[in-house]
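Proteins get letters first, then strands, A, B, ... in listed order; numbering begins at 1 in each. Heavy atoms only: backbone and side chains are in, while hydrogens, waters and symmetry mates are out.
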Number of protein chains: 2
Amino acid sequence: MRKGRPNDPQRRDRILRATLAVIGDEGVHATSYRRVAARAEVPLGSMTYYFTDLETLIVSAFESLGQTLQPLYANPLRDARDDAEAVEALVAATCGATSPSRHEIRQYTEMYQYAARSARVAELVREFQDESLHVLRRRFSDGAARAVDALIWGWWTYRSFHDTPLDEEIVRRAFGALVAELADDTSSGSTEGEPT
Amino acid sequence: MRKGRPNDPQRRDRILRATLAVIGDEGVHATSYRRVAARAEVPLGSMTYYFTDLETLIVSAFESLGQTLQPLYANPLRDARDDAEAVEALVAATCGATSPSRHEIRQYTEMYQYAARSARVAELVREFQDESLHVLRRRFSDGAARAVDALIWGWWTYRSFHDTPLDEEIVRRAFGALVAELADDTSSGSTEGEPT
DNA sequence: CTCAAGTGCGTACTACGGTACGTACTACCA
DNA sequence: TGGTAGTACGTACCGTAGTACGCACTTGAG
């Protein structure tokens, strides 16, 4: 039974938001037309109407996720005026004001996982990673950018498993150390530690 | 129709190996009794005989994965005689001889993912993480251990998405920097970079 | 008022997957 | 030889899920 209105422009967005909610709460594996439909309170038929198949729905949801999260931490980094400010931006992105919530981290890891079975999502992930690296490289050396990128991800993963928050000071010093040590990344290595 | 032999002690192991193979190739989401049965070349009925339900099968597979991988990188770390050797062990575990293959990394990330929907696997993951942290803390400060742990994971994740190998020298210097900077982790911070 | 186009939806079809259950076959004891 | 316990397996049942398809309802032209 039609609602009456000939079109509902919010419906598509509602579905996308519900999709991300389901992905975050139950994982992509549990993300079915029916479950999303229930969550968004739209009939099943609407799902296939707006998104012809399930993969399209999921890819669209992940796209919107990226558009939401990327700027959140890319912008402060872009605007940092020196390395110290940049490190602060990294700390904030890892566990501070601009960092994703655990729910968002979960969505992110689900996207990474789904990339293994969807070429389109794999492409998406690669774009996100490239963009992230690109932003970091404007600020740091290539080596530092790569290390920092990996460390951010590692800490996000940690956060998704533990309730105890990260020690901000350790995070700060870790990023600072990477940035300083890898300021130039032409192999040289002051790394030996204390040789025997 | 029975095979004739009253018992086949290898069968259970074959099933477990096939399970990990399926998980690595197609992901846990695609890990079904039938698929594993086909892969292990055992009849479907055997599956439920050896593993009463699917979760038990998957948990068992992940347990065996952990028992395989943990010692691989924990042992060299435990045997390191100084920080320099320890850093070398970390490099080897990240991208060298003792590092997991991409296939194994995939299995590992699938385990992490599955933890979100299985309390038993979540417990497993936490045990693995604790054990890993424990090993690192014998060698490094708490802060360094946490940072190193996160960075390893970040780089493994990177490897699972990219064919180009990691630059070993950058990896070495990154670990070295973390270990040196966080040698004591009572907040002090030589982190300011170059203040303006 | 009639009709055609297009939007939105209800439903049914088919496939797949977990699991319960019964069955065959072996080994061993009396 | 008969019987019983336990191992291993074949199959059928039921639920869930993606998707195809066609029906309603609105709108606007004539």
Side-chain angles (χ1 to χ4, degrees), chain A residues 1-23 25-62 110 113-114 116-121, chain B residues 1-23 25-62 110 113-114 116-121:
Chain A
M1 329 240 157
R2 281 286 299 290
K3 280 295 169 53
R5 259 180 269 93
N7 205 345
D8 176 0
Q10 314 201 312
R11 176 138 303 191
R12 212 189 115 97
D13 281 346
R14 266 237 311 285
I15 293 175
L16 280 182
R17 274 197 304 276
T19 306
L20 280 178
V22 172
I23 290 174
D25 285 349
E26 323 194 38
V28 268
H29 77 277
T31 303
S32 66
Y33 270 146
R34 285 162 229 262
R35 231 177 286 241
V36 172
R39 184 98 175 205
E41 293 180 298
V42 303
L44 176 60
S46 286
M47 300 297 300
T48 64
Y49 178 72
Y50 286 103
F51 301 94
T52 53
D53 57 34
L54 189 64
E55 197 191 356
T56 302
L57 171 65
I58 291 177
V59 171
S60 307
F62 282 142
E110 292 289 336
Q113 214 61 27
Y114 196 78
R117 55 170 155 147
S118 158
R120 289 164 72 191
V121 172
Chain B
M1 328 259 156
R2 282 285 299 291
K3 277 295 169 52
R5 257 179 270 93
N7 204 345
D8 176 1
Q10 314 202 313
R11 175 139 303 187
R12 211 189 115 97
D13 281 347
R14 268 237 309 285
I15 293 175
L16 281 182
R17 274 198 303 277
T19 306
L20 280 178
V22 171
I23 290 173
D25 285 349
E26 323 193 39
V28 267
H29 77 278
T31 303
S32 66
Y33 270 147
R34 286 161 227 263
R35 231 178 285 240
V36 173
R39 185 98 175 206
E41 293 181 299
V42 303
L44 176 60
S46 287
M47 300 298 300
T48 65
Y49 177 71
Y50 286 103
F51 302 92
T52 52
D53 57 33
L54 188 65
E55 196 191 359
T56 301
L57 172 65
I58 291 176
V59 171
S60 307
F62 283 142
E110 292 288 337
Q113 214 60 27
Y114 196 77
R117 55 171 154 146
S118 157
R120 290 164 71 191
V121 172

Just to verify, what does [X] make a salt bridge (Lys or Arg N to Asp or Glu O under 4.0 Å) with, not counting sequence neighbours?
| X | value |
| --- | --- |
| B:R35 | B:E26 |
| A:D53 | none |
| B:D13 | none |

**Report entry** Minimal non-hydrogen separation, B:S46 against B:R11, with atom names
**Finding:**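 Where B:S46 meets B:R11 most closely, the heavy atoms are OG-NH1, 3.7 Å.
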
Query - Non-hydrogen atoms of A:A30 and A:V22 that approach each other most closely - result: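 Smallest interatomic distance, heavy atoms only, reads O-CG1, 4.2 Å.
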
Requested in this report: Could you go through the side-chain contact (heavy atoms from CB on, under 4.5 Å) check for B:L16 and B:Y50 one step at a time?
Outcome: CA-CA 10 Å; B:L16 281 182; B:Y50 286 103; over 6 Å; no

Spacing of [X] atom [atom1] relative to [N] atom [atom2], expressed in whole Å:
| X | N | atom1 | atom2 | answer |
| --- | --- | --- | --- | --- |
| A:L57 | D:dT19 | CG | P | 10 Å |
| B:F51 | D:dC9 | CZ | P | 13 Å |
| A:Y50 | C:dT7 | OH | P | 10 Å |
| B:E41 | D:dA8 | CD | P | 18 Å |
| A:I58 | D:dA17 | CD1 | P | 13 Å |

**Report entry** Letter per nucleotide, 5' to 3', of nucleotides 13-20 of chain C [B base touched, S only sugar-phosphate touched, - untouched; heavy atoms, 4.0 Å]
**Finding:** ----BBB-

Report task. Using the test side chain to side chain contact (heavy atoms under 4.5 Å, CB included), find all partners of A:R120 that sit at least two apart in sequence or belong to another chain. Result ->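 If we apply the side chain to side chain contact (heavy atoms under 4.5 Å, CB included) test to A:R120, skipping adjacent residues, the hits are A:E55, A:T56, A:V59, A:S118.
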
Query raised in the report: Does a side-chain N or O from A:Y49 land closer than 4.0 Å to OP1 or OP2 of C:dG8, or not?
Result: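 Result: yes.
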
Query raised in the report: Under 4.0 Å: is that the gap between some side-chain N or O of B:R11 and OP1 or OP2 of D:dC9?
Result: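 Checking D:dC9 against B:R11, a side-chain N or O does come within under 4.0 Å of OP1 or OP2.
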
Query raised in the report: Hey, which of A:R14, A:R17, A:M47 is the one that makes side chain to side chain contact (heavy atoms under 4.5 Å, CB included) with A:V36?
Result: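 Checked A:R14, A:R17, A:M47 against A:V36; only one passes side chain to side chain contact (heavy atoms under 4.5 Å, CB included): A:M47.
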
**Report entry** Five-pair end axes of the helix from C:dC1-D:dG30 to C:dA30-D:dT1, angle between them (10°)
**Finding:**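 Comparing the first five pairs with the last five, the axes sit 30° apart.
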
